[in-house]
Every structure is written in C-alpha cells, then in structure tokens.
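Atom set for the values below is all heavy atoms of this structure, side chains included, hydrogens, waters and symmetry mates excluded. So that the names make sense, note that chain A is the first sequence line, chain B the second, and so on, each numbered from 1.
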Amino acid sequence: MFALYVVWPIGQSLALSFYQWDGLSDPTYIGWDNYIELWYDPTFLVALKNNLIWLVLYMLAVPLGLGIALLLNQTVTGIRLIKSLFFFPFVISQVVVGLVFAWFYDPNNGLLNIVLAWFGFDPVSILSDEDLVTYGIIAAGLWPQTAYCMILYLTGLNSVSPDVVEAGKIDGAQGFRMLWSVVLPQLRPATFIAVVVTVIGALRSFDLIAIMTQGGPYQQSQVLAYYMYEQALSEYGYRMGYGSAIAAVLFAIMMVYIVGFLVKMYRDERGL
Amino acid sequence: MFPEPIQKRSWFAQISYKVALPIALLIWLLPLFAVLLTAVRPAGDINAGNYWGMPSDILWWQNFAEVIFNSEVGPYMINSLKITIPTMLGAVGIACLTGYALAIYRFKLNLMVFFIFIAGNFVPFQILMVPVRELTLQIGLYNSMWGLVLFHVAFQAGFCTLFMRNFIKALPFDLIEAARIDGASEFTIFRRVVLPLMRPAIAALCVLIFTFIWNDFFWATVLIQSESDMPVTGGLKALNGQWVARWHLVSAGSIVAALPPVVMFFAMQKHFIAGLTLGASKG
C-alpha cells in the first residue's frame with residue numbers, strides 16, 4: 001500500500017516530468033523541454049531563490065528553540081504549564097497559524113502596526129510588500145517550528161549527564177563555554193533531529209503560502225511547493241508535466257538531505 | 001543539570017527570572033491573544049474600527065456559536081473527524097504489524113524495506129501529488145473522504161512503522177524468545193506478549209497522527225473539491241474568502257478549528273511529547 005501510494009508515484013512523477021500533459025488528453029513526450037522551460041521561467045527562479053531563503057532563515061528555529069529550552073529548563077512552580085504554553089503553536093494547524101499572522105500583519109488594524117506606531121514607525125503592509133512578504137511568512141512559520149525545536153532540546157537537556165557538567169565546572173568552564181564545549185556535544189542527537197525536521201519543514205512550506213498570499217504579490221513569495229501546485233492544478237490550466245518537473249527539482253533538493261539522513265541511520269544500525 | 005538551577009543563584013536573579021518568564025510567554029503568544037481578543041468582540045466593534053481598545057461588550061460564546069451553527073464550520077469539523085479517526089486507526093493498526101515484523105524477524109530485505117519507509121517519509125508531497133490524484137480518480141474515490149483516508153493511511157504508515165519498529169526493537173528480546181520456547185505461536189506472541197507492551201507507543205502514535213491529519217491542508221485541497229466533504233482546514237480557507245474583514249468570525253473559526261488537537265495535546269501531553277522527541281535523547 002505504501003508502495004502503491006508513495007514509492008510508485010515518485011517514479012511516475014519523474015517520468016511525467018518529461019511529458020506535456022493537461023490531465024485529459026494523452027501525454028506527449030517532450031524530453032527535457034520542461035526543464036529547459038523552467039530554466040527560463042522567472043517565477044521558477046524566484047521560487048527557487050525563496051526556497052533557499054526559507055532554508056537558511058528557517059534554520060533560526062534551531063538556535064531559537066535551544067535558547068528558549070535553556071531559559072525554561074528550570075524547576076520553578078508552574079514551569080510545566082509554561083513549557084506547554086510555549087509549545088502550543090506547534091499543535092495548531094498551519095492554516096490557523098497563517099490566519100493568525102495575516103490578522104497580526106493586517107496593514108490597517110493589525111497588532112503589529114499598532115505596536116510599530118507606538119514606537120513612531122510608519123505602518124508597513126508586510127504581506128503586500130514584494131521585498132518583505134517572504135520574510136513575513138517565514139516569521140509565521142518560525143513560530144511553530146521554534147516550538148518544535150524547543151521541545152526537542154528540552155528532552156535532550158534532560159539526558160545531559162550532570163557528572164560531565166560538574167567535571168566541566170571543575171575545569172573552569174562557565175556560561176557560554178560550558179554550553180558550547182560541554183553541553184552541546186551531548187545534545188547532538190537533538191540537534192540532528194531538529195535540523196532534519198526544520199529542513200523538511202522549510203521545503204514543505206505550502207500551507208502558509210496558500211493561506212497568506214498565494215504566492216503574491218506578483219509571485220514574489222512563491223516557493224517551489226506552491227508553484228508546482230499552481231501550475232499543475234490551478235485555474236490557469238492543468239500543466240501536469242511542467243508541475244512534475246518542478247516537483248522533481250524539489251525532490252532533488254530534498255534527496256540530498258534524505259540520503260544524508262539514511263547514511264547516518266545506517267551507521268547507527270551498524271553500531272547497534 | 002544545565003543551565004544551573006535558578007535556586008542556586010542570587011535572590012535578585014530568582015525574582016527577575018520569575019518576572020521575566022510570564023512576560024516572555026506573553027510576547028511569545030501575542031498573536032494568539034490578539035486572535036482571542038478579536039473572537040470575543042461584537043461585530044459592531046469591528047465595524048467601528050475598535051479593534052484593540054476595550055471591547056464594548058465581551059461575547060464569551062456568541063461568535064463561537066455563530067461560527068459553529070450558522071456557518072459550515074460545524075459540518076467541516078465533522079468531516080475532519082470522519083477523516084482523522086479512520087486514518088488514525090488504520091495507520092496505527094498497520095504499523096503495529098509492520099513494525100513488529102521489521103523489528104523481530106530477520107529477512108533479507110529487512111533493512112531495505114525499513115529505509116524505504118524512512119525515505120518515503122521525507123519525500124516532498126508535491127512529487128506525489130499528480131499521480132496520487134490520478135490514482136484516486138481512477139479508483140473512483142476522488143472527492144470523497146475515503147480517498148483521502150486511504151492516502152493518509154498509506155503515507156502515515158511509513159512514519160508509524162518507523163516509530164513502532166524502533167520501539168519494539170528496544171523491548172527485551174528475551175521475552176519473545178521465552179514465549180517461543182514455551183511453544184506460543186507467532187501470532188499469540190504478538191498479541192499476548194508484545195501488544196500489551198506497546199501500549200504507550202500506540203497512545204503516542206495516535207495522538208501524533210490525529211494532530212498531523214487534523215492539520216493537513218495540502219491533501220485536502222488536492223483530493224477533495226466539494227464543500228460537503230472538505231475538512232476544517234480547507235474549509236477555513238474558503239470561509240476566509242467569504243468573511244472578508246469580518247475578523248471576529250475568522251478569529252472565532254480559527255479557534256474552533258484549532259481546538260481538537262489542542263485538547264488532545266493537553267490531555268495526552270506526556271505521550272505526545274514522548275512521540276515527537278523519539279530519538280532526541282538517545283544517539
């Protein structure tokens with residue numbers, strides 16, 4: 001069943017990317033033409049560039065999550081509830097996160113602009129500004145993602161060995177040095193998973209874009225995942241082959257990480 | 001423990017920590033508070049441009065009731081349940097069996113099957129989109145909840161299997177050996193010995209899958225077109241179009257849609273976090 005729905009379609013999609021097909025008539029084989037067209041398609045290049053921005057900025061979720069985890073790794077009254085509340089954004093659907101942030105950014109009455117006005121800034125309309133829109137959406141995406149990384153690190157911090165920390169203290173390590181050379185090495189599994197889920201999250205970014213901007217204004221917030229959907233299934237006509245070619249590019253980027261992950265898993269399995 | 005427990009620091013540090021914590025939380029959840037505040041406002045406030053001042057009247061439930069009973073949110077929620085629950089049962093059920101097989105039996109392709117499952121998990125949805133849509137059309141389940149369920153089960157089975165396998169692998173293998181020596185059949189071993197031990201894993205998976213599926217938006221838009229079968233995520237998007245500038249309804253709708261996973265999370269927090277952080281504490 002998994003093969004039918006997951007493995008087989010990957011192959012089909014890759015094959016389809018060499019065809020021109022509107023979903024109704026028979027597909028025509030056109031070789032590499034889809035990929036050549038992609039190369040000259042300005043929207044595709046924007047989407048690719050935005051995907052890279054997503055990948056880089058989304059990584060902020062990892063250190064941010066670590067920071068919050070360090071802040072919260074204490075035992076004061078009510079800390080459990082506070083941890084849960086910090087984790088809260090992750091449980092919410094991305095659709096809701098998108099709506100929440102759209103409201104937050106609303107140019108006329110959104111809370112963001114009201115706060116900006118207090119500090120004497122002019123209002124900005126983030127979601128209709130060509131330069132800011134991608135960053136605005138990434139900020140919305142970082143919110144739940146940071147929560148996810150935070151919880152990974154909180155669990156990781158639980159298993160940091162106190163003996164080693166004590167030993168580090170005797171050796172005179174303190175504050176940041178302690179974090180960097182004693183604690184972080186022990187958090188490596190948590191960091192690894194955090195990076196993997198963040199990369200996947202960044203490349204899968206679809207929901208937020210569909211809700212908040214639909215790629216606009218003028219395609220400036222487009223990413224591969226959404227562009228593919230728009231090309232293959234939108235009102236502008238079904239270009240399934242072309243969409244598949246976009247998906248293939250996305251798949252290729254993801255493949256780099258998948259292979260890396262598998263290699264590490266394989267080593268671990270061997271180690272067991 | 002790292003960082004150093006706050007109790008060992010100065011009295012001043014302790015106080016400032018306790019003051020800073022709620023403030024940090026407030027800033028972190030600020031967007032949510034904004035929504036909550038909007039959801040209890042009467043429509044008059046919104047029209048009058050009173051967005052952030054004191055609400056002229058706090059409507060504890062009217063906006064929510066309006067959204068649930070007088071818009072499609074109610075039916076959407078039911079659709080979401082109809083999709084989420086069968087998927088949860090299906091995927092977790094299959095994973096118990098496949099996870100067991102992969103963890104216990106040594107066969108040639110074992111590691112390969114396992115790796116395919118893992119890799120499949122990370123695949124971008126978009127590359128599956130066109131063929132899965134075609135497949136669903138061909139078997140006549142396009143635009144029906146069952147088509148969506150079928151796909152979700154298949155896809156989530158990958159993640160669940162990975163999860164179950166690692167869990168079963170960590171169980172003491174001697175137990176199974178002992179049962180074999182006692183002459184129990186393989187199925188009896190699974191049912192009587194392994195299954196009871198798997199309970200925490202099953203609970204964790206159920207919560208996770210519930211949340212994932214409930215929050216799915218992409219596949220809902222790809223595989224379902226008609227309003228009547230749409231789950232709440234896709235439905236909200238449609239309603240967002242209808243409710244232009246009626247932010248009190250958008251806010252109330254968002255809260256209602258987010259509620260089931262949130263309740264699930266708070267009710268089963270321990271399992272939820274155990275599931276998510278699987279592997280984060282061991283190498």
Side-chain angles (χ1 to χ4, degrees), chain A residues 1-2 4-7 9-10 12-13 16 70 73-76 82 84-86 91-96 99-101 103-104 109 111 114 151-152 155-160 162 165 183 189-190 193 200 203-204 206-207 211 225 228-229 232 240 243-244 247-248 250-251 254 258 262 265 269, chain B residues 1-3 5-6 18 21 25 28-29 31-32 34-35 38 49 51-52 111 115-120 122-132 151 154-155 157-158 211 214-215 217-218 222 233 236-237 240 247 250-251 254 257-258 261-262 265-266 269 273 276-277 279-283:
Chain A
M1 200 161 155
F2 191 73
L4 177 72
Y5 266 110
V6 179
V7 181
I10 295 176
Q12 269 189 310
S13 251
L16 197 60
L70 288 175
N73 195 30
Q74 297 286 357
T75 41
V76 292
I82 291 183
S84 319
L85 286 174
F86 263 95
V91 194
I92 303 171
S93 153
Q94 296 237 312
V95 173
V96 175
L99 288 176
V100 167
F101 268 80
W103 178 213
F104 188 63
N109 300 297
L111 198 54
I114 300 213
I151 209 78
L152 287 171
T155 315
L157 280 172
N158 263 336
S159 60
V160 166
V165 174
V183 177
I193 296 189
I200 298 173
L203 292 177
R204 274 191 182 161
F206 172 88
D207 299 9
I211 293 292
M228 182 270 162
Y229 170 80
M240 303 253 183
S244 297
L250 189 60
F251 183 62
M254 195 81 101
I258 296 177
L262 287 184
M265 286 291 280
E269 286 296 318
Chain B
M1 190 147 156
F2 182 87
I6 196 86
K18 278 178 190 162
L21 215 48
L25 186 65
W28 183 245
L29 295 180
L32 268 186
V35 168
T38 314
Y51 286 86
W52 304 111
L111 215 55
F115 275 11
I116 289 176
F117 272 133
I118 299 175
F122 295 147
V123 158
F125 295 152
Q126 282 71 24
I127 198 152
L128 308 177
M129 185 184 96
V130 174
V132 166
F151 171 77
F155 191 82
T211 314
W214 185 278
N215 290 342
F217 170 68
F218 179 71
V222 170
T233 43
L236 259 188
K237 182 173 188 285
N240 188 33
W247 285 106
V250 176
S251 302
S254 305
V262 168
F265 165 66
F266 278 104
Q269 196 175 14
I273 288 173
L276 264 189
T277 52
S281 54
K282 62 174 177 81

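- Rounding to the nearest 0.5 Å gives a distance of 10.0 Å between OG1 of A/T155 and CG of A/N73.
- With a threshold of 4.5 angstrom between heavy atoms, A/V91 approaches chain B through its backbone and through its side chain.
- Only the side chain of A/F206 comes within less than 4.5 Å of a heavy atom in chain B; its backbone stays farther off.
- Looking at A/L99, the atoms closer than 4.5 Å to chain B (heavy atoms on both sides) sit in the backbone and in the side chain alike.
- Between A/I92 and B/L32, some side-chain heavy-atom pair lies under the 4.5 Å cut-off.
- The two residues A/S84 and B/F265 have their closest heavy-atom pair at O-CE2, 4.0 Å.
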Requested in this report: Apply the test side chain to side chain contact (heavy atoms under 4.5 Å, CB included) to residues B/N215 and A/V96: give CA-CA distance (whole Å), side-chain angles for both, the deciding distance (0.1 Å), then the verdict.
Outcome: CA-CA 9 Å; B/N215 290 342; A/V96 175; over 6 Å; no
